Amino acid sequence: MSSLAAARADNFYYPPEWSPKKGSLNKFHGQHALRERARKIDQGILIIRFEMPYNIWCGGCNSMIAKGVRFNAEKKQVGNYYSTKIWNFTMKSACCRHEITIQTDPKNTEYVIISGAQKKTEDFDVEDAETFELPADEERGKLADPFYRLEHGEEDLRKKKEAEPVLVRLQKLSDERHNEDYRLNRNLRDQLRGQKKRVREEKEASKKLGLTFRLLPKSEEDSRIASSVKFKSKFDQNKKEKRAAIKSSSIFSGLESKRSELESKRRRIEARRVNVVLAGQVKPGSWLKK
């Protein structure tokens, strides 16, 4: 990119016909500072990049749109919650071009789907997810009661004492793994060297056998399967084929073949005599005397 094109792209190029009296460059060119994103600014709409806050089901084709997928959305203000603005985002799904509308909820600090989609409900078990269960709103209100707080404080202390040995053991194991980084690195490098040596030996063995690919190491299961496979020899196959031909042929086929063989020999002898006569080597009279 040339210096002139770079200056124009960065909006630092001032044409010769511009003067400070004509205002800024955007005013001089008759365009908004946000360019195409502000093409509906007269309607109070701004084009932004909206990121999906959670997994949803598309209302047009029932496809799932994952959390974090980004869209070109139209952002506009639709109200206020006290002094906080309520924003409305309208976008089209990439799967079926269905229109989806999502709105902010400052009261509950979340996003609410207005139309075009449905939030995917995902329930997790606290024990399977290995997380802590947050107290409900009712329990949060009860925590203001000193007797309730004292009762649950005793239970929390008991759970802490029960889980403390496990936590200490995990912390000790983590410290052992991370404090001896030299030994771990050395063991890893030894494993890699042994693996490279084994691969090199397997390649050399395959090359000696005339193979272009590397053979896997032998195993007991492969040896057992190979020993159970029996290949038929060519002699046995030819023997079976001859026996099958004999059984399928007639018992008089031998006499007929001998008769046809004698007939062919006689014809070859007569043809040879005719060729000798035509060549002039023997007179016809002597041939008749014979």
Side-chain angles (χ1 to χ4, degrees), residues 26 31-160 162-164 166-167 170-171 173-174:
N26 293 321
Q31 63 184 9
H32 197 273
L34 298 177
R35 308 293 176 88
E36 289 297 324
R37 292 173 54 194
R39 61 179 180 270
K40 295 183 180 180
I41 199 68
D42 56 340
Q43 305 174 18
I45 298 174
L46 181 66
I47 309 299
I48 65 165
R49 291 290 287 175
F50 180 81
E51 185 173 332
M52 194 60 62
Y54 41 71
N55 299 333
I56 65 172
W57 296 106
C58 178
C61 59
N62 203 26
S63 299
M64 194 197 79
I65 301 175
K67 175 183 176 180
V69 179
R70 297 182 179 182
F71 300 89
N72 291 330
E74 296 181 356
K75 174 185 174 183
K76 63 180 179 180
Q77 183 182 354
V78 293
N80 289 284
Y81 177 74
Y82 294 103
S83 61
T84 305
K85 297 180 180 180
I86 299 175
W87 297 103
N88 183 283
F89 305 94
T90 304
M91 67 211 77
K92 291 185 179 181
S93 63
C95 48
C96 62
R97 308 301 296 171
H98 185 70
E99 189 174 274
I100 301 173
T101 304
I102 297 178
Q103 188 172 301
T104 58
D105 185 6
K107 182 179 180 180
N108 300 317
T109 63
E110 63 178 357
Y111 289 90
V112 181
I113 298 175
I114 304 300
S115 62
Q118 183 180 1
K119 184 178 180 180
K120 182 181 179 182
T121 57
E122 297 177 337
D123 298 331
F124 301 97
D125 190 5
V126 178
E127 296 182 358
D128 295 340
E130 298 181 354
T131 57
F132 295 99
E133 184 178 5
L134 297 176
D137 296 337
E138 298 178 357
E139 293 186 1
R140 291 179 183 177
K142 292 180 181 179
L143 290 175
D145 187 1
F147 292 101
Y148 183 85
R149 188 168 60 252
L150 178 62
E151 180 183 354
H152 282 267
E154 294 291 337
E155 186 178 356
D156 293 340
L157 289 174
R158 182 180 57 81
K159 290 182 179 179
K160 178 185 177 183
E162 292 177 355
E164 189 172 4
V166 180
L167 296 175
L170 291 175
Q171 183 66 34
L173 181 62
S174 177

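Keep in mind it's a predicted model, so treat the numbers as computed, not measured.
- Judged as a salt bridge (charged side-chain N to carboxylate O under 4.0 Å, His left out), and not counting sequence neighbours, the contacts of Glu162 are Arg158.
- Here the straight-line distance linking atom CD1 of Ile48 with atom CZ of Arg37 works out to 8.0 Å at 0.5 Å rounding.
- Legend: residues meeting side-chain contact (heavy atoms from CB on, under 4.5 Å) with Leu170, ordered by chain and number and at least two apart, are Val166.
- None of Thr90, Ile113, Ile114 except one satisfies the side chain to side chain contact (heavy atoms under 4.5 Å, CB included) rule with Gln103; the exception is Ile114.
- Side chains of Met91 and Met52 form a contact here, defined as non-hydrogen atoms less than 4.5 Å apart.
- Distance CD1/Ile47 to NZ/Lys75: 11.5 Å, rounded to 0.5 Å.
- Not counting sequence neighbours, Gln43 has no partner by the side-chain hydrogen bond (donor to acceptor under 3.5 Å, both in side chains) test.
- Applying the salt bridge (charged side-chain N to carboxylate O under 4.0 Å, His left out) definition to pairs two or more places apart or across chains, those involving residues 38-48 are Lys40-Glu74.
- Pairs of residues two or more places apart, or lying in two chains, that qualify as ring-ring contact (aromatic ring centres under 6.0 Å, His included) and include a residue from residues 46-96 are Phe50-Phe89, Phe50-Tyr111.
- Sorted by first then second residue, the salt bridge (charged side-chain N to carboxylate O under 4.0 Å, His left out) pairs that include residues 76-104, not counting sequence neighbours, number zero.
- Qualifying side-chain hydrogen bond (donor to acceptor under 3.5 Å, both in side chains) partners for Asn80, counting only residues two or more places apart in sequence or in other chains: Gln77.
- Lys159 meets the salt bridge (charged side-chain N to carboxylate O under 4.0 Å, His left out) test with Glu155; sequence neighbours excluded.
- Among residue pairs with one or both ends in residues 46-58, those qualifying as salt bridge (charged side-chain N to carboxylate O under 4.0 Å, His left out) are Glu51-Arg70; sequence neighbours excluded.
- Nearest heavy-atom pair, Ala117 versus Ile100, reported as atom, atom and distance to 0.1 Å: CB-CG2, 3.9 Å.
- With rounding to the nearest 0.5 angstrom, the CG atom of Asp105 is 7.5 Å from the CD1 atom of Ile86.
- In terms of the side-chain contact (heavy atoms from CB on, under 4.5 Å) criterion, residue partners of Ser63 (sequence neighbours excluded) are, by chain and number, Cys61, Cys95.
- Remark: Gln118 pairs with no residue by the side-chain hydrogen bond (donor to acceptor under 3.5 Å, both in side chains) rule, at least two apart or across chains.
- Atoms CD1 and CD1, on Ile65 and Ile56 in that order, are 4.0 Å from each other to the nearest 0.5 Å.
- Taking Lys67 as the reference, nothing meets the salt bridge (charged side-chain N to carboxylate O under 4.0 Å, His left out) condition, with sequence neighbours excluded.
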